[in-house]
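All chains are named by letter (A, B, ...) in the order of the sequence lines, taking the proteins before the strands, and each is independently numbered beginning at 1.
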Protein chains: 2
Amino acid sequence: MAKSAKSNKTMAIELRDKLAEFIANGNFKAGDKLPTEAALTAKYGVSRTALREALKLLEQNGTIYVHHGKGRFVGGIAELKVERPITLFESVTALTRGNGYDPTNKVLSIAEQHAPEHIAAALKISADDRVLRLERIRMHRDDVLMYCVDYVPRHLITDKIYDVEWSGSLMDLLETYGHKATMSSATAAAVLLPDDVIAANNLEEFGPAFRIVETVYTAAGEPIVYAEDYHRGDAFEFSFVRS
Amino acid sequence: MAKSAKSNKTMAIELRDKLAEFIANGNFKAGDKLPTEAALTAKYGVSRTALREALKLLEQNGTIYVHHGKGRFVGGIAELKVERPITLFESVTALTRGNGYDPTNKVLSIAEQHAPEHIAAALKISADDRVLRLERIRMHRDDVLMYCVDYVPRHLITDKIYDVEWSGSLMDLLETYGHKATMSSATAAAVLLPDDVIAANNLEEFGPAFRIVETVYTAAGEPIVYAEDYHRGDAFEFSFVRS
DNA sequence: ACCAGATAGTTGTATGATGAGTTTTCGGCG
DNA sequence: CGCCGAAAACTCATCATACAACTATCTGGT
């Protein structure tokens, strides 16, 4: 199996994902026996080393379980897999598309200011540091799907704020400045939009919102965004497995 | 490194855990460089194969990240762990206590009926099979925290329904009948309580609800409960890590 | 028919070699 | 002396081979 061209992924990761797909698409149910290592190395054309590494990753995430000398078997949790769990870190654009919409962004405001105390703490900046506050709505045709407020430490964006295109993906933008978002710590709650937001933006029909407040980090643990995302209740549903 | 005596764990798993401990105890912070493969094989007295397998497991769970040719570094995700993530399978009682409340249950109704089609499908029962529908509210003093509807396949409860105490934990009850709940597949959304529920139970002040719909399974993958839980929006907040 | 040993099948572990990406060192040139 | 390119060293990625440990099945002896 040749690795994908230009892929940064290792063979083990690619193979893990291919095997996961094979299991998901192969009419397996919990407890079914998987092909042996020998059969799988032949099937995918890889070394036994890469295959074993991939299989151990699948074992760690519950997709399979192993009995030494007997073989490998499909784990029960595999049937509970959801395609895009709430725990998946992805851009708001991808999330919105995953819920079946074709989103466009509208920038309501972009401003440089001091951060409220709790936001400064989350972003690990001092009270003297400034943040950029980006306020946007995400729309599908004429319907407002999300109201979003993002706070970014000012020092991360080395250009003047009016020289920057703010309507695209904030994560992609930060990556061009050398800060690649990879994970976040989040909380979710059911709320109503703040009254002043409703009044300022004609959002009387928005209804209950699924609010996610998250701090976004690079792989090295550097906090780069504090986000408050209000997802319209009747437009979004979030999936996850509890175990 | 000798494996623990009588351990069923593979070398890779044991080493993963030892390395995780080394990282946690070693005054490392996110972004710090870890010792090379050569140094770690010498330190732990293991083959390079086992070490690489262990390191890949740590990479998958976010503890470390890798840059080909540069080395391995401590990941920031370890600092993001939350104590009771939304993905933790626990009883509603434990969840409610985790949010700081001392809940009492009030049974609104218990009835035997046919299951709606989507619920029969989720519980993997036929249209002829019957379910028990349990409707309850969870209260903290005089405040209603949750409105819950649970559906249980009738055949799981071998006693007459009026001989059963329904105000306790449903999961504990099912365990006494030999069906231990261990995991669930869930979706969450922000909604309003249905109008008839508000009217029937004087819940005009409930406000937006964080609704979790989940199918609960035993370890063998047998579905035993279909639950619709409406958590009062201003009383519950759910945490999770995205990666 | 039952039991013990041998064989075959399957996963677990180790070692050595080569390839690919990154950093450091060395030598030549202006 | 500083800069640049090439080579060497460092570090992770992949492959191949050999042997060990566990499980299932087969065979031969009683």
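- Counting to the nearest Å, the C1' atom of dA14(C) and the CG atom of Leu15(B) are 14 Å from each other.
- Considering only side-chain atoms of Ser47(B), the nucleotide from dA13(D), dT11(D), dA14(C) that sits closest is dA14(C).
- Evaluation of atom-type donor-acceptor distances gives a pair under 3.5 Å for the side chain of His68(A) against the base of dA21(D).
- Comparing Glu53(A) and Lys33(B), the nucleotide of DNA chain D nearest to each residue sits closer to the 5' end for Lys33(B).
- A salt bridge is defined here as a Lys NZ or Arg NE, NH1 or NH2 lying under 4.0 Å from an Asp or Glu carboxylate O, and Glu53(A) with Lys56(B) meets this definition.
- Between Lys70(A) and dA24(D) there is a side-chain polar atom (N or O) within less than 4.0 angstrom of OP1 or OP2.
- dT17(D) atom P lies 16 Å from atom CG of Leu51(A), rounded to whole Å.
- Checking the phosphate oxygens (OP1, OP2) of dT23(D), a side-chain nitrogen or oxygen of His67(A) falls inside 4.0 Å.
- Comparing dA13(D), dT13(C), dT14(D) against the side chain of Glu37(B) picks out dA13(D) as the nearest.
- One N or O donor and one acceptor, one from the side chain of Thr49(B) and one from the base of dT15(C), sit under 3.5 Å apart.
- Shown here is Asn25(B), whose CG atom has more than 12 heavy atoms of other residues, nucleotides or ligands within 6.0 Å.
- OP1 or OP2 of dC15(D) has not a single side-chain nitrogen or oxygen of Arg48(A) nearer than 4.0 Å.
- Evaluation of the salt bridge (charged side-chain N to carboxylate O under 4.0 Å, His left out) test over residues 19-29 of chain B, restricted to residues two or more places apart or in two chains, returns Lys29(B)-Asp32(B).
- Atom CG in Leu34(B) sits about 13 Å away from atom C1' in dC12(D), given to the nearest Å.
- Of the side-chain N and O atoms in Lys56(A), one or more sit less than 4.0 angstrom from OP1 or OP2 of dT13(C).
- Of all heavy-atom pairs spanning His114(A) and Ala127(A), the tightest one is ND1-O, 3.3 Å.
- Arg52(B) comes within 4.0 angstrom of a base, heavy atoms only.
- The nearest heavy atom of DNA chain D to Gly69(A) and to Ala12(A) marks one nucleotide each, and the one closer to the 5' end goes with Ala12(A).
- One atom, CE of Met11(B), and another, P of dA20(D), lie 15 Å apart when rounded to the nearest Å.
- Listed nucleotides: dT13(C), dT11(C), dC15(D). Nearest to the side chain of Val46(A): dC15(D).
- Here dA13(D) presents its C1' atom at 11 Å from CD of Glu59(B), a figure rounded to the nearest Å.
- For the pair Leu55(A) CG and dG12(C) P, the interatomic distance rounds to 9 Å; values are reported in whole Å.
- With sequence neighbours excluded, the residues satisfying side-chain contact (heavy atoms from CB on, under 4.5 Å) with His67(B) are Lys70(B), Phe73(B).
- Look at NZ on Lys9(A): it is 13 Å from P on dT14(D), rounded to the nearest Å.
- Across the protein-nucleic acid pair, Glu14(B) atom CD and dG12(C) atom C1' stand 13 Å apart, rounded to whole Å.
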